[in-house]
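We count ligands from 1, going down the list as the structure has it; atoms in each ligand are counted the same way.
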Amino acid sequence: MRPFLDLTDLSDDRLQALLALAGELESAPVRRSLAGKIVGLLFMNPSLRTFASMDAGVKQLGGDTVVITPGQSSWKIETEDGAVMDGEAAEHVREAIPVLAQYADALAVRCFAGGRDLQADLADTVIRTMAALSPVPFINLESAAAHPCQALADWKTLDDLAVPRRGGRFVLSWAYHPKALPYAVPASALRMAAMRGMDITVLRPEGFSLPESVMTGAVEIARHSGARIRETSDRREGMEGAHVLYAKSWAAPSLYAKPEEEAALRSPLRDWCVAESWFETAAPNASFMHCLPVRRNVKVADEVLDGPRSAVVRQAGNRLHVQKALLLDMLTEERP
Ligand code: CP
């Protein structure tokens with residue numbers, strides 16, 4: 001079984017089958033299909049939704065989990081190859097992954113960007129190394145460059161909202177955040193919308209284009225799917241006719257790993273806090289999406305999050321259904 005590292009690992013047929021199965025699981029959540037199976041959950045970074053939805057999902061399917069949180073429930077774990085381990089980490093992934101794989105039928109791992117080397121982070125070298133060390137099925141629960149379970153849930157959310165695949169207008173917008181954030185979520189959302197064949201606008205201030213490899217990768221997907229991708233820094237124009245505004249913050253690529261210079265570029269951009277006024281030129285009843293967690297009144301105003309266009313709770317709920325479908329697909333013969 002190939003690891004699930006990015007949404008692009010799925011063919012359109014398999015993706016549609018997973019979404020159909022997720023819909024069945026939403027209607028009838030409890031099965032015994034994973035009885036006797038253990039899923040190892042390794043969280044190198046904090047989580048609310050990903051941890052709770054994976055843990056609940058495995059249990060609703062009759063299985064159980066072993067949860068490892070390095071530095072709390074286990075030794076701190078080093079991820080860098082060739083590291084001289086004279087710091088706090090007492091364990092290396094090169095032992096930790098194959099050891100855990102002996103206790104579990106599948107491993108699911110969260111390991112965020114290192115934030116020091118842009119090219120290594122964009123290549124997702126750490127999660128790919130971990131997946132290669134795993135002899136059992138492996139699921140990426142958010143790495144340096146991808147959050148495929150979120151992207152799968154986002155696709156289902158767009159289906160739930162009846163946003164069309166072709167002709168659906170999807171705006172991926174940068175939003176202010178006090179810190180430089182990695183590219184996993186916006187890159188995955190962009191690839192998801194491109195795979196879905198949508199009419200995509202990346203709305204961002206000057207200096208905050210997504211990294212070139214992320215954009216060219218999405219353009220390549222669009223070439224096959226029929227999606228269209230454009231970029232603008234003009235909010236009014238960018239939001240014209242939008243069915244969905246998907247907000248996320250990310251680091252300025254040219255100042256990656258330069259926090260002080262990056263902060264100077266982003267600090268004047270506090271007005272990139274999504275408000276109702278952003279939707280003036282959007283389609284009627286346009287939806288607002290965000291992966292959560294979100295900083296209220298910094299990244300998004302209360303009026304949007306508490307209003308009828310917000311789909312953020314539905315998005316988080318869909319994490320449960322799509323991940324259960326993925327587990328059945330990877331660990332059993334069950335299909336929709
Ligand atoms: N969206 C998401 O992955 O949430 P958590 O970081 O809380 O898991």
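Listed by number with element, the atoms of ligand 1 under 4.0 Å from a non-hydrogen atom of R319 are 1 (N), 2 (C), 3 (O). Contact atoms of ligand 1 toward H147: 2 (C), 3 (O) (distance under 4.0 Å to a heavy atom of the residue). Near C291, the atoms of ligand 1 lying under 4.0 angstrom from a non-hydrogen atom of the residue are 1 (N). Every atom of ligand 1 with a heavy atom of L48 under 4.0 Å away is listed here by number and element: 5 (P), 7 (O), 8 (O). Those atoms of ligand 1 that come under 4.0 Å of a heavy atom in Q150, given as number and element, are 1 (N), 2 (C).
For atom 4 (O) of ligand 1, the nearest protein heavy atom (residue, atom name, distance) is R49 NE, 2.9 Å. For atom 6 (O) of ligand 1, the closest non-hydrogen atom of the protein is R110 NH1, 2.9 Å.
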side-chain hydrogen bond (donor to acceptor under 3.5 Å, both in side chains) for T201 and R169? Distances and angles first, verdict last. CA-CA 8 Å; T201 299; R169 291 220 51 202; 3.0 Å; yes
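A distance-only check finds no donor-acceptor pair linking the side chain of T65 to the backbone of V67 [under 3.5 Å].
Ring geometry, Y183 versus Y256: the interplanar angle falls under 30°, so the pair is classed parallel (tilted spans 30 to 60°).
Taking distance alone, with nitrogen or oxygen atoms compared against 3.5 Å, P293 stays at or beyond that limit from ligand 1. Taking only nitrogen or oxygen atoms, main chain and side chain alike, F51 does not reach within less than 3.5 Å of ligand 1.
In the displayed structure, K59 atom NZ is contacted under 6.0 Å by more than 12 heavy atoms of other residues, nucleotides or ligands. With a 6.0 Å radius and a threshold of 12 heavy atoms from other residues, nucleotides or ligands, R228 has its CZ atom at or below the threshold.
Each of N140, T129, V126, D124 was scored for a side-chain contact (heavy atoms from CB on, under 4.5 Å) with C111, with one residue passing: V126.
Counting heavy atoms under 4.0 Å from ligand 1, residue V185 does not touch it at all.
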Enumerate donor-acceptor pairs with a distance under 3.5 Å from any side-chain N or O in residues 283-294 to protein atoms, sequence neighbours excluded.
residue, atom, partner, partner atom, Å
H290, ND1, L292, N, 2.8
H290, NE2, K299, NZ, 3.1

